[in-house]
Amino acid sequence: MGWLFYFWSMTGKPIGVFDSGYGGLTILKELVSKLPQYDYLYLGDNARAPYGTRSFYAVYHYTLQCVKWFFKQGCPLVILACNTASAKALRTIQQNDLPAIDPEKRVLGVIRPTAEIIGNYTKTNIIGILGTNGTVQSDSYPIEIKKFFPGVKVFQQACPLWVPLVESNEYDTEGADYFIKKDIDNLISQSKDIDTVLLACTHYPLLLKKIRHFAPERINIIAQGEIIAESLKDYLIRHPEIEQNCSKGGMVDLYTTDSTEDFDRHSSVFFGKGLKSKHINVE
Ligand code: DGL
C-alpha cells in the first residue's frame with residue numbers, strides 16, 4: 001500500500017475538501033456517493049476547531065494555511081465544506097490570494113450553491129437558518145438568498161455550543177438536548193411561519209435525529225450534502241478545464257491536524273472502519 005500511496009501522491013490530483021473538523025465528512029460522503037469517480041483529499045483542522053467563534057482574521061488565516069496545504073498535495077480544486085470558512089475566508093482567498101498563488105487553481109464555498117436553491121423548498125417563503133456565530137453574524141445567507149429569492153424572508157439563530165458538542169463527542173447526552181432544544185425554540189419563536197430550516201453548518205447533520213425531535217413536525221429540515229454534490233457536478237460540467245485536471249481513481253484520503261484515533265471514530269460512521277486518517281501540521 002505504501003508504494004501505491006507514494007505513486008498516487010505524486011500523480012494524483014484529488015479534489016480537496018476542507019472543514020474545521022469532522023463536519024465536512026457529511027459533505028464528503030455525498031460527494032463520494034454522487035461523484036465516485038474522482039479522488040478526494042479531506043482535511044479536518046480539528047486541532048483548531050471550532051472556527052465558529054473565532055475572529056475574521058483567525059478563520060481567514062487558518063483556512064488559507066489549509067488551502068495552501070491542499071495545493072501542495074496537487075489539488076486543482078478545493079471545496080471549503082465549512083460554512084464559517086466560506087463566510088469569513090472564501091472571498092478574500094478568491095480575490096486576493098489565489099491570483100498570486102496560482103490563478104489556475106480554484107477554491108469554492110458552500111454558501112452560494114445552497115442559497116441558489118434553498119428558496120425552492122419553502123411554501124411560506126420564510127426560511128430559518130441555524131449556523132455558527134461566525135456564519136450568522138456575517139449575514140452571508142440573508143444576503144445571498146435575497147439575490148436568488150428576493151421574496152423569501154430569512155430568520156437566523158446562532159448555535160454556538162453545537163459544534164463543540166460534536167467535536168467533544170458529547171452530542172448524545174441530556175446536556176446536549178438542552179442546548180439543541182433552546183436554539184431551535186429561539187429560531188422558531190422568531191416566526192411561526194418558518195416552514196424550512198437550513199442546517200448551515202456541516203456539523204449539524206450529525207445532530208439530525210435530535211433536531212428533528214425538537215423541531216415542530218411541519219418543518220422541513222435541510223442538510224447541505226446533496227445540494228453541494230449536485231452543485232459540484234454541475235460546476236465540473238460547466239468547467240471542463242478544471243474537470244480534466246481532477247484525477248479519477250476513486251480514492252479517498254483523510255487527514256486531520258489532531259488525533260487520528262478520534263478522527264477515525266467519527267469517519268467510520270460515514271466510511272466504515274477501513275479508512276484510516278493521517279496526521280499533519282499545517283502551521
Ligand atoms: N462545520 C463548520 C461550518 O460549517 C464550522 C464549525 C466550527 O468549527 O465552528 O460552519
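In listed order, ligands and their atoms are each counted from 1. Residues: numbered from 1 along the sequence shown.
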Given side chain to side chain donor-acceptor pair (under 3.5 Å), test N245 with E104 step by step and report yes or no.
CA-CA 10 Å; N245 274 337; E104 304 280 295; 5.6 Å; no

Option from D97, N96, T92 for which side-chain hydrogen bond (donor to acceptor under 3.5 Å, both in side chains) with Y60 holds
D97

Provide, line by line, the atom pairs where ligand 1 and the protein bring an N/O atom each to a distance under 3.5 Å; else say none.
unit_1, atom_1, unit_2, atom_2, d
ligand 1, 1 (N), D19, OD1, 3.3
ligand 1, 1 (N), T202, OG1, 2.7
ligand 1, 1 (N), H203, ND1, 2.7
ligand 1, 4 (O), N83, N, 2.8
ligand 1, 4 (O), N83, ND2, 3.1
ligand 1, 4 (O), T202, N, 2.9
ligand 1, 4 (O), T202, OG1, 3.3
ligand 1, 8 (O), S20, OG, 2.6
ligand 1, 8 (O), Y51, N, 2.6
ligand 1, 9 (O), Y51, N, 3.2
ligand 1, 9 (O), G52, N, 2.7
ligand 1, 10 (O), N83, N, 3.4
ligand 1, 10 (O), T84, N, 3.1
ligand 1, 10 (O), T84, OG1, 2.7

Tell me which one of L199, T196, V197 satisfies side chain to side chain contact (heavy atoms under 4.5 Å, CB included) with I222.
T196

Does K68 have any side chain to side chain donor-acceptor pair (under 3.5 Å) partners at least two apart in sequence or in another chain, and if so, which?
none

D264 side chain to S277 backbone, donor-acceptor under 3.5 Å
yes

If the plane angle is over 60° it's perpendicular, under 30° parallel, otherwise tilted; pick one for Y51 and F18.
tilted

